[in-house]
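Quick note: residue numbers are just sequence positions, from 1.
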Amino acid sequence: MNTHISARTFNVVRAFSLPHKLCALFCVSIAFVIYSAQLRAEVASTSFYSNFGNVAFKDQHNQPFKISSLNHKITLFNFIYTQCSAVCPVQTKALSEILESLPSNLKSRVVFVSVSLDPLNDTPTKLKAFTHRMHAEADNWAFITGNPADIVTVTERLKLFGTDPKKLKQAVRPDDHTTHLWLVDAQGRLMMRYMGSPIDKARIAQDIAQLNSM
């Protein structure tokens with residue numbers, strides 16, 4: 001069989017194939033755009049802040065607190081209740097020292113958020129008194145509370161009282177909550193979860209500084 005193809009025939013075949021190649025390239029490009037959009041949507045949906053979706057809060061100044069105000073900020077979360085006599089005061093004091101240790105140019109990019117787990121007791125007035133007592137009155141530190149149902153929603157999403165059904169039934173709220181802290185970057189991504197008892201102050205300050213340089 002003669003497999004020789006003349007130059008003229010080759011050029012005709014190449015000219016005919018070119019539109020098909022362009023079509024294939026176009027389809028691949030469209031698929032990539034769609035995939036990228038889906039990927040961005042997945043990343044957005046996994047934002048740490050999604051745990052606070054559809055939940056209303058007030059801060060220690062009795063003002064509405066919007067989670068969206070944390071966008072483009074490096075945020076450190078912890079969970080407290082003002083009647084706690086053990087871990088919460090110690091943790092709050094340590095966080096105050098961390099915040100105070102940060103350079104001035106970094107402080108403007110950082111927000112600390114302490115969420116009350118005892119909304120029936122921890123009114124904005126009591127939260128403000130707690131900040132005064134703990135020397136935690138920085139402008140970029142919000143102590144927030146909400147209605148009981150909303151706070152339960154957040155604790156369940158973050159599994160603050162664990163996942164073991166037996167332990168959950170036996171848990172005394174708010175006493176038995178986790179002491180973890182959550183460090184979130186400026187894009188809303190959870191970057192680190194720390195054991196909050198004891199707090200490694202130097203480590204947390206260093207991690208915040210590294211996020212700021214990214």
Side-chain angles (χ1 to χ4, degrees), residues 35-57 59 64-81 84 87-88 90-92 94-99 101-103 106-119 136 138 140-146 149-164 167-168 171 173-174 176-214:
Y35 172 76
S36 298
Q38 291 175 337
L39 186 61
R40 287 194 298 270
E42 289 176 6
V43 171
S45 68
T46 57
S47 166
F48 182 76
Y49 298 141
S50 64
N51 293 294
F52 299 85
N54 302 318
V55 176
F57 296 101
D59 65 16
F65 181 85
K66 296 184 180 297
I67 293 296
S68 60
S69 68
L70 302 173
N71 290 338
H72 311 300
K73 298 286 188 179
I74 299 167
T75 309
L76 186 68
F77 283 87
N78 76 324
F79 294 81
I80 64 162
Y81 60 103
C84 173
V87 176
C88 296
V90 173
Q91 191 175 90
T92 301
L95 292 181
S96 180
E97 292 171 357
I98 292 171
L99 191 57
S101 73
L102 299 178
L106 178 54
K107 285 181 182 178
S108 63
R109 295 203 62 210
V110 175
V111 178
F112 283 9
V113 179
S114 296
V115 185
S116 170
L117 295 172
D118 189 10
N140 54 339
W141 194 344
F143 287 77
I144 62 177
T145 187
D150 283 345
I151 297 300
V152 168
T153 295
V154 172
T155 63
E156 290 178 347
R157 289 172 179 172
L158 292 174
K159 299 178 176 58
L160 295 186
F161 294 92
T163 57
D164 186 332
K167 291 183 178 179
L168 284 173
R173 301 193 180 200
D176 295 334
H177 72 284
T178 179
T179 59
H180 290 164
L181 301 99
W182 285 259
L183 181 62
V184 181
D185 74 359
Q187 285 73 50
R189 298 172 299 188
L190 177 62
M191 304 304 290
M192 190 66 65
R193 186 174 68 173
Y194 307 95
M195 297 297 294
S197 182
I199 289 181
D200 188 339
K201 294 183 288 186
R203 167 71 186 281
I204 294 175
Q206 180 181 2
D207 289 346
I208 290 173
Q210 287 181 341
L211 285 183
N212 185 56
S213 64
M214 291 174 61

In Å and rounded to the nearest 0.5 Å, what is the [atom1] to [atom2] distance from [X] to [Y]?
X      : Y      : atom1 : atom2 : result
Phe52  : Leu70  : CZ    : CG    : 8.5 Å
Phe112 : Ile208 : CZ    : CD1   : 4.5 Å
Ile67  : Ser47  : CD1   : OG    : 9.5 Å
Ile204 : Glu97  : CD1   : CD    : 11.5 Å
Leu106 : Ser101 : CG    : OG    : 9.0 Å
Leu190 : Asp185 : CG    : CG    : 9.0 Å

Is there a side-chain contact between [X] and [Y], using heavy atoms and a 4.5 Å cut-off?
X      : Y      : value
Trp141 : Thr92  : yes
Leu95  : Leu181 : yes
Thr178 : Arg193 : no
Leu99  : Asn140 : yes
Gln187 : Met214 : no
Met191 : Asp207 : no
Ile199 : Ile98  : yes
Leu158 : Phe48  : yes

Taking every non-hydrogen atom, the tightest pair across [X] and [Y]:
X      : Y      : value
Ala136 : Ser96  : CA-OG, 4.5 Å
Ala56  : Asp150 : N-OD2, 3.5 Å
Ile80  : Ser114 : CD1-CB, 4.1 Å
Ala94  : Lys201 : O-CD, 3.8 Å
Tyr194 : Arg203 : CE2-CG, 4.2 Å
Gln91  : Thr179 : NE2-O, 2.9 Å

Q: Using the side chain to side chain contact (heavy atoms under 4.5 Å, CB included) rule, take Val110 and Leu76 through it: C-alpha gap first, then chi angles, then the decisive distance, then the call.
A: CA-CA 8 Å; Val110 175; Leu76 186 68; 5.9 Å; no
Q) Within the distance-only criterion (no hydrogens, no angle test), does the side chain of Arg157 pair as donor or acceptor with the backbone N or O of Gly53 below 3.5 angstrom? A)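 Side chain of Arg157 to backbone of Gly53, a donor-acceptor pair under 3.5 Å: yes, one is there.
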Q. Which pairs count as side-chain hydrogen bond (donor to acceptor under 3.5 Å, both in side chains) when at least one residue sits in residues 64-76, sequence neighbours excluded?
A.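 Sorted pair list: Tyr49-Thr75.
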Q. Parallel, tilted or perpendicular: which fits the ring planes of Phe65 and Phe57, with parallel below 30° and perpendicular above 60°?
A.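 Perpendicular, since the angle between the ring planes exceeds 60°.
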Q. Can you say whether the rings of Trp182 and His180 are parallel (under 30°), tilted (30 to 60°) or perpendicular (over 60°)?
A.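 Geometry flag for His180 against Trp182: perpendicular rings.
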Q: Apply the test side chain to side chain contact (heavy atoms under 4.5 Å, CB included) to residues Phe143 and Ser116: give CA-CA distance (whole Å), side-chain angles for both, the deciding distance (0.1 Å), then the verdict.
A: CA-CA 7 Å; Phe143 287 77; Ser116 170; over 6 Å; no
